[in-house]
Amino acid sequence: MASNGWGTLFKITTWGESHGKAVGVVIDGCPAGLPLCVEEIDQALAQRAPGKSPYTSPRDEADRAEILSGVFEGQTTGAPLSIAIANRNCDSSKYEPIKELLRPGHANSTYLQKYGVFDYRGGGRSSARETACRVAAGAVAKKILRHYGDIQVAAYVAQIGAVQAASQEHNWSRLREHTYASALYCPDAAATTAMSALLERALAEGDSVGGIVAFIVNPVPKALGDPVYEKLEAKLAHALMGLPAAKGFEIGSGFAGATWKGSEHNDSFIIHEGAARCATNHAGGLLGGITTGMPLYGRVAFKPASSIRKSLPTVTIEGKPATFTLPEGSRHDPCVAIRAVPVVEAMVALVLVDALLLDRSARL
Ligand SMILES: Cc1cc2nc3c(=O)[nH]c(=O)nc-3n(C[C@H](O)[C@H](O)[C@H](O)COP(=O)(O)O)c2cc1C
């Protein structure tokens, strides 16, 4: 199975399956001298952990990271940084009844086609358990970003079903303060109430709903990213569309921008504190694939989780008609966008750290 990693200079490789002994990540290219302790990684993992609200899967899974290499006396050494996260609380026997069935909306049919073998226990590599590794690596990336000019990455639930939160692009302090205090990782209290009602209905019906996660980076150094094939928005799209259940990506005005006129969309330049800057930021902080210095912002759409209590028609791996019913007590999220928030932050941080390190070789 190829392609288990991300990055050019700050490069991660993740390993492990959801019902194996552990999952983990190896970070190659982490600069030496970064103060790092395991508690900082655990803190990030706690934000992704399920069971934090009635609307995320009800498992009791306190993730604890173990740093296996790359840190000596509280600092990174520049050697490969290896982090393991033990899998606890996984009962594989629950999945026995569905092991012969193609799972609607999940990945066992395509994995079977490609590899001829599938780890049916919780989805194996296709399980979102893998995203814990991304969050662990993201915690390291965020520390590096803080070192380079206190660059901060934030994400929040911008939409669940048809309920939209007010845009937070211009409300940075509110965003930082309220997102993780909200059970839905949504800083807009009124929208949270409406989203909760929607999720209650979905849970009562044994169904799931989709959602959108917005991300913002601020402050952003100028001139990160490369033109043409390696445009920073292309790298962000690649990194974020690689997340499980991701179905859409946009940067800046995104799809809405396609309905505007050039005269409305162009970000005019003005003089601000003696230097040129954009008066507006419809471009989302990027021109020609390179950062303008304005905040970077975009959104990722997540499909409704495939694991639902409603039964659906399916086919066995032998090709006979069957019914797919999620095993009693199996783990699932009614809206994956909620727990995707720290994962989106992690991926954005990984893209930016890689861009920062690459930028150091841009010119003499
Ligand atoms: C944080 C997070 C949690 C997820 N939890 C679930 C879940 O509980 N049930 C489920 O069916 N899918 C869940 N998913 C999505 C599946 O992993 C994903 O749909 C599956 O791997 C198939 O990949 P695809 O949807 O990208 O095609 C989750 C995704 C994320 C990002």
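None of these values were measured; they are calculated from a predicted model. Ligands are counted one by one from 1 in listed order, and the atoms in each one are counted from 1 as well.
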Taking only heavy atoms of Ala128, which atoms of ligand 1 are found under 4.0 Å from at least one of them? 2 (C), 3 (C), 4 (C), 17 (O), 28 (C), 29 (C), 30 (C)
How close do Arg129 and Asp63 get, counting heavy atoms only, and between which atoms? NH2-OD1, 2.8 Å
One residue to check: Lys303. Relative to ligand 1, which of side chain, backbone, both or neither has a non-hydrogen atom less than 4.0 Å away? side chain
Asp333 versus ligand 1: do any nitrogen or oxygen atoms come within less than 3.5 Å of each other? yes
Counting each atom of ligand 1 from 1 as listed, which ones have a heavy atom of Arg339 under 4.0 Å away? 1 (C)
Please confirm whether the backbone N or O of Ala202 pairs with a side-chain atom of Asp207, one donor and one acceptor, at under 3.5 Å? no
Does the ring-ring contact (aromatic ring centres under 6.0 Å, His included) test come out yes or no for Tyr297 and Phe215, once each step is laid out? CA-CA 6 Å; Tyr297 69 97; Phe215 63 86; 8.3 Å; no
By number and element, which atoms of ligand 1 are closer than 4.0 Å to a non-hydrogen atom of Ser306? 10 (C), 11 (O)
Ring centroids only, cut at 6.0 angstrom: are Tyr185 and Tyr156 within range, meaning strictly under it? no
Do Tyr95 and Tyr115 belong together in a cluster built from hydrophobic side chains that touch within less than 4.5 Å? yes
Given Pro334, Ala245, Ala132, which one has a non-hydrogen atom that is nearest to atom 24 (P) of ligand 1? Ala245
To the closest 0.5 Å, what do you measure between OG1 (Thr314) and CG (Leu102)? 5.0 Å
Taking only non-hydrogen atoms of Ser307 and a 4.0 Å limit, the atoms of ligand 1 in range are 7 (C), 8 (O), 9 (N), 10 (C), 11 (O)
Interfacing atoms of ligand 1 (cut-off 4.0 Å, heavy-atom, Ser126): 17 (O), 20 (C), 21 (O)
